[in-house]
Amino acid sequence: MPKPGIVAAFCAATLSALCSSARNPENPEDSIDWNHLDDFVVVKKRAGNFKLSGSENAFKIDRSELFKAACCNLGESFTTNPSVDVNYSDPATGAKQIKLLGLSGSYVQLLTETMPNLRGAARPYALRYVPGPWMKSISVSKGCSTVKNGFESMSGQIDIEYLKPEDPQGVAINAYVDSELKVEANADANFHLSPRLNTEVLAHFEDRYMNHDGNDDGFADTPDIRQFNLQNRWDYFSDSYIFHGGLGAINEKSDAGQISHSHDRNAAGSSTGNPLYEIELRTQRYEAYMKHAFIIDRDHNSNLAMMASGSFHKLDASYGFKLYDVDESNAYAQLMFETDFSPAHNLSAGVSYNYDYLDQKLRQTQSLDEPGVVKEKETTTGAYAQYTWKPSDKFTAMAGARADWSSMSGWFATPRINIRYSPVENLNLRGSVGKGYRTVFGWAEYNYLMASGRQLVIENLNQEASWNYGINADISIPINQETIKINAEYYYTNFDRQVIADYDSDPHSLTIGNLSGKSFSHTFQIDATYQSSFGLSITAAWRLNDVKTTYNGRLLEKPLTSKYKGLLTASFSTPMDIWQFDATLQLNGGGRMPAPYRLNDGSWSWGERFKAFPQLNVQVTRWFRHFSIYAGGENLTNFKQKNPIIASPDPWGPDFDSTMIWGPVHGAMAYVGIRFNFGKL
């Protein structure tokens, strides 16, 4: 197989398969260190959430960590992680967003196997487009990262690795059902057609068969999502060439909103004759990708690679009488060259091209007029160079720069640098500084806010720009033949330009506009992990956020953002990994609410701040040779945000608002599932 380098991502799964026969068939991603002593083998498992060794502050979540929770999709994959939060943006539509370094997910560059993906109109609902059982691993890089993948990483990158066609041949099936009658079925199958050619089929189905209204406000707590998701992936390799490619399709129907009038549960309509307030989203998405890698010089790890992808995303959305339809096309291509001048010097250089086109129709009034038309198009071309210097195992420096030209924003430059220094064994110090940019397609990314009585106003938006600075220290401390790993980090993000959602200035409109003033984020986190040789693993973490933005001339805390977070996870597996027990306790801190106002009935819309709240998740897994059964519960503290939807009895009125979400909208939930691994059929 080729040496690591550009093609390492293509080959990693194949290399790992060489040891698969010695692994738990239900945990193929468990990394094992082998130390042979005569006829004995000492086996030590690596944690499923582990830090990567490079100059970036990055960590990887593998399948053994993902299996500690139900992990139905990407949005549910960070339950046990202290760094990444996932919150509802709007319970009426089910939109969720990642938060990293105290900032919303729009500042996290989302990649699938190192290629930018799920942009624009796909962004609000992207977390449910990636089924959990399809994922091989998730890599998270904090702060400014490599310039290879573009300029959009402002608070970090999340790179999703799918299961590979070259993985061990076989068929696996996962089935899941919860107490709210959400049903999921997933299947993946690998076929090795020849020693060099492999293919894979990934299939996903989900549906919800019950409307749940735990707070009795007449609105479904979660939308009824029916999704079909299918991918076919191929790989081919020879001594000097590697190919990966695939096709994917998603068809999703999401129904949410009012399921009965809250003051008369049996009424067909309200006293004023208004119909039920319904939210309907119809999504079709098609995508394709290909990767080619040519090995030029094995001795110097010289490689030439070309990657390309394309997608078509169609969304037809209705929020009561409001309409938003979009046809979005995206094309991306990158040509890159990498070589090692020597073991201490590496150079990567390349050019890239990105094209976005959005044809949008929208209407916010109850009239029968034709919807307005908004068309947006951006073409971005760029080039980068990145140099890595590693004179010894104690020091690594990675410096890179990009120059890009946008048809909307003109020329801009992206410098970044990451440094790692290890002064003593088991201690790593890291520092980083770099810039990031982002083009905002306002209606595509914020259309879910139309599920409100507020009028959504989107101004002419500038390109966002920010600087990110970070320092990090991690140390491994041996204690009685065991190890405690401690990590501490601080990040500061300062925005030169930013697009903000102003909830404060007008209670009956929501303006998406350009920043006028200061905006920044300070984040400090400390976490510790202990993993014993007898199957026990414990992680404790604490994070503080100070996120402030200028709204209408006043520098205020960013609303609906927790000031702190505490996390405690515990995992225990019995000998031979027959039983596994996992528990996660979170304490989410309070924060500021947007400026409250008087409703039509004279009451206040909400308080000035929201309080801290706990959440507890548990899961028990029983492993067998070719299958496993898991059962668990989420939010077992049964904490629910009171009145998540403002003025729910009158959704057609001006006070109706479903965007004031800071906590869970549904209570305790139980689930059960089964995973089959048939191996080669």
Worksheet item: After noting the C-alpha distance and the side-chain angles of E608 and R592, does the key distance pass the salt bridge (Lys or Arg N to Asp or Glu O under 4.0 Å) rule?
Response: CA-CA 6 Å; E608 293 184 355; R592 185 180 79 88; over 6 Å; no
Worksheet item: How far apart are the C-alpha atoms of R543 and D85, what are their side-chain angles, what is the distance that settles it, and do they pass the salt bridge (Lys or Arg N to Asp or Glu O under 4.0 Å) test?
Response: CA-CA 11 Å; R543 187 176 72 243; D85 299 326; 2.3 Å; yes
Discussion item. Assess the residue pair R609 and E557 against the criterion (salt bridge (Lys or Arg N to Asp or Glu O under 4.0 Å)); give the C-alpha distance rounded to whole Å, side-chain angles, the decisive distance to 0.1 Å, and a yes or no.
Written reply: CA-CA 11 Å; R609 303 188 68 83; E557 290 180 45; 3.2 Å; yes
Worksheet item: For D474 and R420, what are the C-alpha separation, side-chain angles and deciding distance, and is it a salt bridge (Lys or Arg N to Asp or Glu O under 4.0 Å)?
Response: CA-CA 11 Å; D474 65 79; R420 180 192 68 88; over 6 Å; no
Discussion item. Apply ring-ring contact (aromatic ring centres under 6.0 Å, His included) to residues F524 and W542 and explain how you reach the verdict.
Written reply: CA-CA 8 Å; F524 172 76; W542 187 261; over 10 Å; no
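Residues D159 and S139 have side chains that never bring a donor and an acceptor to within less than 3.5 angstrom of each other. Checking S476 against T483 by side-chain atom types alone, no donor-acceptor pair falls below 3.5 Å. Side-chain atoms of Q525 and S83 include a donor-acceptor pair closer than 3.5 Å. Checking N514 against Q498 by side-chain atom types alone, no donor-acceptor pair falls below 3.5 Å. With hydrogens and angles left out, the side-chain atoms of T549 and S519 include a donor and acceptor closer than 3.5 Å. Between the side chains of S137 and D62, no donor N or O sits under 3.5 Å from an acceptor N or O. No donor-acceptor contact under 3.5 angstrom links the side chains of T637 and Q615, judged on distance only. For the residue pair Y491 / N57, a side-chain donor-acceptor distance below 3.5 Å is found, with atom types taken as modelled. A donor-acceptor pair shorter than 3.5 Å can be found between the side chains of S533 and E482. For the 3.5 Å distance criterion, the side chains of E65 and T80 qualify, holding a donor opposite an acceptor. Judged purely by distance below 3.5 Å, without hydrogens or angles, the side chains of Y384 and S348 pair a donor atom with an acceptor atom. For the residue pair S562 / N588, no side-chain donor-acceptor distance below 3.5 Å is found, with atom types taken as modelled. Donor-acceptor pairing under 3.5 Å is lacking for the side chains of R497 and N462. A donor atom on one side chain and an acceptor atom on the other are not found under 3.5 Å apart for S106 and Q97.
The minimum heavy-atom distance linking K565 with V84 is given by the pair NZ-O, 4.0 Å. Summarising the geometry of N346 relative to E338, their closest heavy-atom pair is ND2-OE2, 3.2 Å, with the distance given to 0.1 Å. Considering all non-hydrogen atoms of both residues, M154 and A465 come closest at CE-C, 3.9 Å. Looking at every heavy atom in both residues, S155 comes nearest to L101 through O-CD1, 3.2 Å. Counting all heavy atoms, side chain and backbone alike, P559 lies closest to M593 at CB-C, 4.3 Å. Closest approach of Y490 and H522 over heavy atoms only: OH-ND1, 2.7 Å.
A distance of 8.5 Å separates CG of N472 from CG of L429, quoted to the nearest 0.5 Å. Rounding to the nearest 0.5 Å gives a distance of 12.0 Å between CZ of F67 and CG of D582. We find the OG1-CD distance between T79 and Q619 to be 9.5 Å, quoted to the nearest 0.5 Å. Summarising the geometry, atom CD1 belonging to I645 is positioned 7.0 Å from atom CD1 belonging to I661; distances are rounded to the nearest 0.5 Å. We find the CG-CD1 distance between L103 and I98 to be 13.0 Å, quoted to the nearest 0.5 Å. Rounded to the nearest 0.5 Å, atoms CG (N174) and SG (C71) are 9.5 Å apart.
Residues K485 and D527 are not paired through a salt bridge, judged by the lack of any N-O separation under 4.0 Å between the basic side chain and the carboxylate. Using a 4.0 Å cut-off between a side-chain N of Lys or Arg and a carboxylate O of Asp or Glu, E56 and K51 do not qualify as a salt bridge.
With F495 as the partner, the ring pair (Phe, Tyr, Trp, His ring centres under 6.0 Å) test is satisfied by one option alone out of F520, Y437, Y107: Y107. Under the side chain to side chain contact (heavy atoms under 4.5 Å, CB included) test applied with P644, the options N215, D221, D657 reduce to a single match, N215. With respect to I538, the side chain to side chain contact (heavy atoms under 4.5 Å, CB included) criterion is satisfied by exactly one of T569, L568, T529: L568. When each of R438, R123, R119, R402 is tested with E152 by the rule salt bridge (Lys or Arg N to Asp or Glu O under 4.0 Å), just one qualifies, namely R119.
The aromatic rings of F412 and F151 sit perpendicular to each other, their planes meeting at more than 60°, with 30° as the lower class boundary. Ring pair W662/F610 is parallel by interplanar angle, where below 30° counts as parallel and above 60° as perpendicular. Ring planes of F613 and F639: parallel class, angle under 30° (limits at 30 and 60°).
Under the side-chain contact (heavy atoms from CB on, under 4.5 Å) criterion, E634 pairs with A70, N617, M669, Y671, sequence neighbours left out.
The closest donor-acceptor contact from the side chain of S392 to the backbone of K394 lies under 3.5 Å. Judged purely by atom type and a 3.5 angstrom limit, S352 has no side-chain atom pairing as donor or acceptor with the backbone of G150. Proximity of a side-chain donor or acceptor of S422 to a complementary backbone N or O of L427 within less than 3.5 Å is detected. Side-chain atoms of R430 never come within 3.5 Å of backbone atoms of G470 as a donor-acceptor pair (strictly under, hydrogens ignored). Under a 3.5 Å cut-off, the side chain of Q386 and the backbone N or O of V147 do form a donor-acceptor pair. Looking only at distances, no side-chain donor or acceptor of W134 sits under 3.5 Å from a matching main-chain atom of E161. A donor-acceptor pair under 3.5 Å is formed between the side chain of S153 and the backbone N or O of G156. R128 places no side-chain N or O within donor-acceptor distance of the main-chain N or O of G75, the cut-off being under 3.5 Å. Side-chain atoms of S141 do not come within 3.5 Å of backbone N or O of S145 as any donor-acceptor pair. Listed for the Q641 side chain is a donor-acceptor partner under 3.5 Å among the backbone atoms of M660.
For the pair R675 and Y630, the distance from NZ or CZ to the six-membered ring centre is under 6.0 Å and the angle to the ring normal is within 45 degrees.
If you look at F395 and W389, their ring centroids are closer than 6.0 Å.
Environment of CZ in R554: sparse, with no more than 12 heavy atoms of neighbouring residues, nucleotides or ligands closer than 6.0 Å. Remark: K611 NZ is loosely packed, at most 12 non-hydrogen atoms of other residues, nucleotides or ligands lying under 6.0 Å away. Crowding of K548 atom NZ: a count of heavy atoms from other residues, nucleotides or ligands under 6.0 Å not exceeding 12.
Side-chain contact between V440 and Y446 is present, with heavy atoms from C-beta onward closer than 4.5 Å.
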